[in-house]
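Here's the structure, in structure tokens; my notes come after.
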Amino acid sequence: MTNESEPVIITPCPDGPLLVRGDFRIAPAPGRPAEAPGRKVVALCRCGKSGIPPMCDGSHKLVGFRAPAPEKSAPENPAPDREPDPGDAPSPGE
């Protein structure tokens, strides 16, 4: 990893693996040194059935893995609690 590393972004795939993107390392076991995977994106198993843990090998499809539904969060920019102003409407032709 460098001083100007990319942020790590983890994206859960629906009923599939966790996609990990960025500048990261993976420890093969507790107490072992972390290693760079040699690529910028990896898929980590969530179903527990992979033959190549911690990586995903597609076993989730064979076993019918279902991930828990994500929790709904409030929108980052909620609409103001007010009646729309007629001046907010687009002009004809826009």
Side-chain angles (χ1 to χ4, degrees):
M1 291 171 48
T2 64
N3 288 339
E4 300 205 17
S5 60
E6 296 176 42
V8 175
I9 299 171
I10 301 172
T11 307
C13 293
D15 300 328
L18 296 174
L19 293 182
V20 182
R21 294 178 174 90
D23 194 8
F24 59 92
R25 296 181 183 272
I26 299 174
R32 305 250 331 256
E35 304 166 355
R39 54 186 176 231
K40 293 290 184 182
V41 180
V42 297
L44 298 179
C45 176
R46 281 201 293 172
C47 75
K49 303 298 182 186
S50 174
I52 54 169
M55 304 304 181
C56 174
D57 67 359
S59 293
H60 58 276
K61 294 176 187 175
L62 298 173
V63 299
F65 174 73
R66 294 285 178 242
E71 292 184 23
K72 293 184 179 182
S73 60
E76 289 185 27
N77 296 315
D81 292 331
R82 65 174 177 87
E83 291 294 318
D85 185 85
D88 292 342
S91 301
E94 280 188 51

Show me the side-chain donor-acceptor pairs of residues 56-66 shorter than 3.5 Å, one per line, residues at least two apart or across chains.
residue: Asp57; atom: OD1; partner: Ser59; partner atom: N; Å: 3.0
residue: Asp57; atom: OD1; partner: Ser59; partner atom: OG; Å: 2.6
residue: Asp57; atom: OD2; partner: Gly51; partner atom: N; Å: 2.7
residue: Asp57; atom: OD2; partner: Ser59; partner atom: OG; Å: 3.4
residue: Ser59; atom: OG; partner: Lys49; partner atom: O; Å: 3.4
residue: Arg66; atom: NH1; partner: Asp15; partner atom: OD2; Å: 3.3

Distance-only donor-acceptor hits, side chain of residues 29-36, under 3.5 Å, sequence neighbours excluded:
none

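Across every non-hydrogen atom of Val8 and Asp23, the tightest pair is CG2-O, 3.5 Å. Contact record, Cys45 with Cys47: SG-N, 3.4 Å, taken as the closest heavy-atom pair. Counting all heavy atoms, side chain and backbone alike, Met55 lies closest to Ser50 at O-OG, 2.5 Å.
The structure places CZ of Phe24 at 9.0 Å from CD1 of Ile10, a figure rounded to the nearest 0.5 Å. We find the CG-SG distance between Leu19 and Cys13 to be 3.5 Å, quoted to the nearest 0.5 Å.
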- Message: Assess the residue pair Leu44 and Val20 against the criterion (side-chain contact (heavy atoms from CB on, under 4.5 Å)); give the C-alpha distance rounded to whole Å, side-chain angles, the decisive distance to 0.1 Å, and a yes or no.
- Response: CA-CA 7 Å; Leu44 298 179; Val20 182; 3.6 Å; yes

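Remark: the backbone N or O of Val41 is not paired with any side-chain donor or acceptor of Arg21 at under 3.5 angstrom.
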